[in-house]
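Counting from 1, the numbers follow the sequence of the chain as shown. Order of appearance sets the numbers: ligands from 1, and atoms from 1 within every ligand.
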Amino acid sequence: MFRLTLFPNHLWEQKITFPNLTQFMKKILVSTGGGDCPGLNAVIRGIVKAAKKSGKWEVWGSMEALNGVMNDPPELIKLTSKRTAGIHVKGGTILKTTNRGNPLEYPVLQEDGTWKHVNICDHVVDKIRSLGFDALINIGGDGSQKISMALNELGLPVVGVPKTIDNDLLGTDLTFGFSTAVQIATDSFDKLVTTAESHHRVMIMEVMGRDAGWIALHTAIAGGAEICLLPEIPFDLQKIIKRIEKRYKKGRGFVNIVVAEGAKPKGGEAIGHASGDVGDRHFKLGGVANYLKYKLEEAGCQQQIRTTILGHVQRGGTPVAFDRILATAMGVKAFELIAEGDHGRMVSLKNNIVTSVPLKEAVGGNKFVAQDNSLVHVARSVGISFGD
Ligand code: F6P
């Protein structure tokens with residue numbers, strides 16, 4: 001009788017050892033940098049799933065952006081299917097993140113107690129290579145993509161994945177996290193409308209948007225605001241007062257205003273303060289809602305005014321379905337670019353297709369709300385004032 005013998009006994013007896021397949025695997029390093037954003041975990045999971053399917057790549061994560069690589073000992077975690085299972089619904093990033101330790105401007109304490117910022121990108125590339133990595137997927141905003149480009153120019157194969165709730169990155173129509181932020185802001189706005197109506201109040205809601213007012217613009221249209229103030233369109237206090245008065249005269253005794261944190265009066269500056277850690281100080285925006293309240297009261301506005309600053313609530317929690325899908329698709333695309341050897345690029349969404357653009361295109365500036373943007377036209381057409 002015929003017997004199928006897969007491993008004949010003599011082979012086992014000779015104790016033939018089979019090669020460890022993982023030693024032939026290539027290694028991708030993944031990092032998340034800058035402010036966090038709903039959808040980061042879905043990108044990580046997308047990369048891991050696509051890599052696993054290829055059977056040729058291992059995926060590792062660097063903790064707290066690229067600090068994980070530079071720390072001694074390095075803080076790296078292997079991103080297995082088990083470790084990333086189900087994380088696409090979770091906000092934040094399992095790799096943690098930071099705004100500190102930018103290798104392009106790394107703060108170094110001098111002997112005289114002052115701080116000097118130096119470019120340590122070549123060290124970062126050497127370290128990544130010495131740890132056995134073949135490529136890097138860097139998930140982050142414009143600052144992180146500048147780092148991606150610098151590391152790529154030093155010969156490390158790098159692919160960027162765009163991230164920011166502000167949606168102000170060039171080279172992509174949309175960033176994941178933005179839709180979630182708009183949904184959170186709109187839900188909050190809807191709640192403020194009912195209380196504004198009950199009390200005949202003016203409600204001012206401040207949303208994020210440092211240089212670009214996309215969150216404010218989308219929320220104003222979705223929520224039905226009377227006034228929307230953006231960094232790109234400096235406001236005139238008198239115009240805002242006129243709009244408020246017009247609204248009360250009509251007997252509709254309440255007003256809802258959405259203001260982006262970076263909005264500024266004509267001829268004035270955005271409101272904020274210096275903050276951050278020693279050696280790494282930033283100018284943090286915030287407070288324009290209270291500034292506006294004060295200015296309206298000073299100008300004699302008779303209505304009761306209340307302010308709400310949404311802050312980091314907009315960056316937290318579970319991503320909406322659209323962002324999970326976009327983030328997953330971007331993760332898969334990032335892996336494919338690495339596997340195909342197509343480096344120096346950033347994943348992007350263009351005309352509803354997930355594609356890629358050269359990193360250079362992505363870091364050339366920011367995507368601002370233009371006066372002739374179609375949504376500005378829509379907003380004006382439904383009576384939203386930009387205070388201009
Ligand atoms: O860039 C995204 C963003 O959320 C901005 O809208 C905001 O100004 C900034 O990050 C806040 O940064 P941090 O988390 O460091 O306070």
Side-chain angles (χ1 to χ4, degrees), residues 31-40 43 64-65 67 91-93 95-102 105 107 138-148 160-172 174-186 188-189 205-220 228-232 258-264 269-291 308-317 319-320 323 326-327 346 362-363 365-369:
S31 84
T32 51
D36 71 346
C37 171
L40 285 167
V43 178
E64 282 196 10
N67 292 346
T93 160
L95 295 178
K96 318 295 176 201
T97 186
T98 179
N99 294 321
R100 289 178 288 162
N102 178 353
E105 291 172 42
N138 196 22
I139 313 168
D142 52 352
S144 301
Q145 298 319 331
K146 282 183 186 134
I147 297 167
S148 301
V161 179
K163 166 253 44 160
T164 163
I165 63 161
D166 290 358
N167 197 35
D168 61 350
L169 247 103
L170 278 182
T172 184
L174 271 180
T175 47
F176 62 85
F178 171 66
S179 299
T180 303
V182 170
Q183 192 59 55
I184 292 168
T186 303
S188 307
F189 185 89
M205 186 176 85
E206 182 176 318
V207 297
M208 280 187 169
R210 198 182 163 79
D211 305 305
W214 296 108
I215 296 176
L217 176 61
H218 282 243
T219 303
C228 173
L229 306 176
L230 309 178
E232 295 90 338
V258 187
V259 55
E261 61 181 357
K264 43 189 160 303
E269 293 299 324
I271 316 291
H273 63 281
S275 100
D277 302 305
V278 181
D280 202 10
R281 294 186 83 78
H282 298 287
F283 188 74
K284 287 282 168 212
L285 293 180
V288 64
N290 288 326
Y291 166 87
T308 302
I309 301 175
L310 280 191
H312 291 77
V313 161
Q314 295 157 92
R315 291 221 313 241
V320 296
D323 279 337
L326 180 60
M346 185 186 80
V363 300
N366 286 96
K367 187 175 64 193
F368 298 116
V369 178

Those residues that, when tested against Ser179, pass side chain to side chain contact (heavy atoms under 4.5 Å, CB included) (two or more places apart): Val320, Phe322, Asp323
N/O donor-acceptor pair under 3.5 Å between Glu206 side chain and Val288 backbone: yes
Residue shell around ligand 1, heavy atom under 4.0 angstrom: Asn99, Ile165, Asp166, Met208, Gly209, Arg210, Glu261, Lys284, His312, Arg315
Atom pair CG (Asn138) and NZ (Lys163), whose distance is rounded to the nearest 0.5 Å: 10.0 Å
Sequence-distant partners of Asp36, salt bridge (charged side-chain N to carboxylate O under 4.0 Å, His left out), two or more places apart: Arg315
Between CG on residue Asp142 and CD1 on residue Ile147, distance to nearest 0.5 Å: 10.0 Å
Side-chain donor-acceptor pairs of residues 212-219 under 3.5 Å, sequence neighbours excluded:
from, atom 1, to, atom 2, distance (Å)
Trp214, NE1, Lys367, O, 2.9
Thr219, OG1, Ile215, O, 2.7

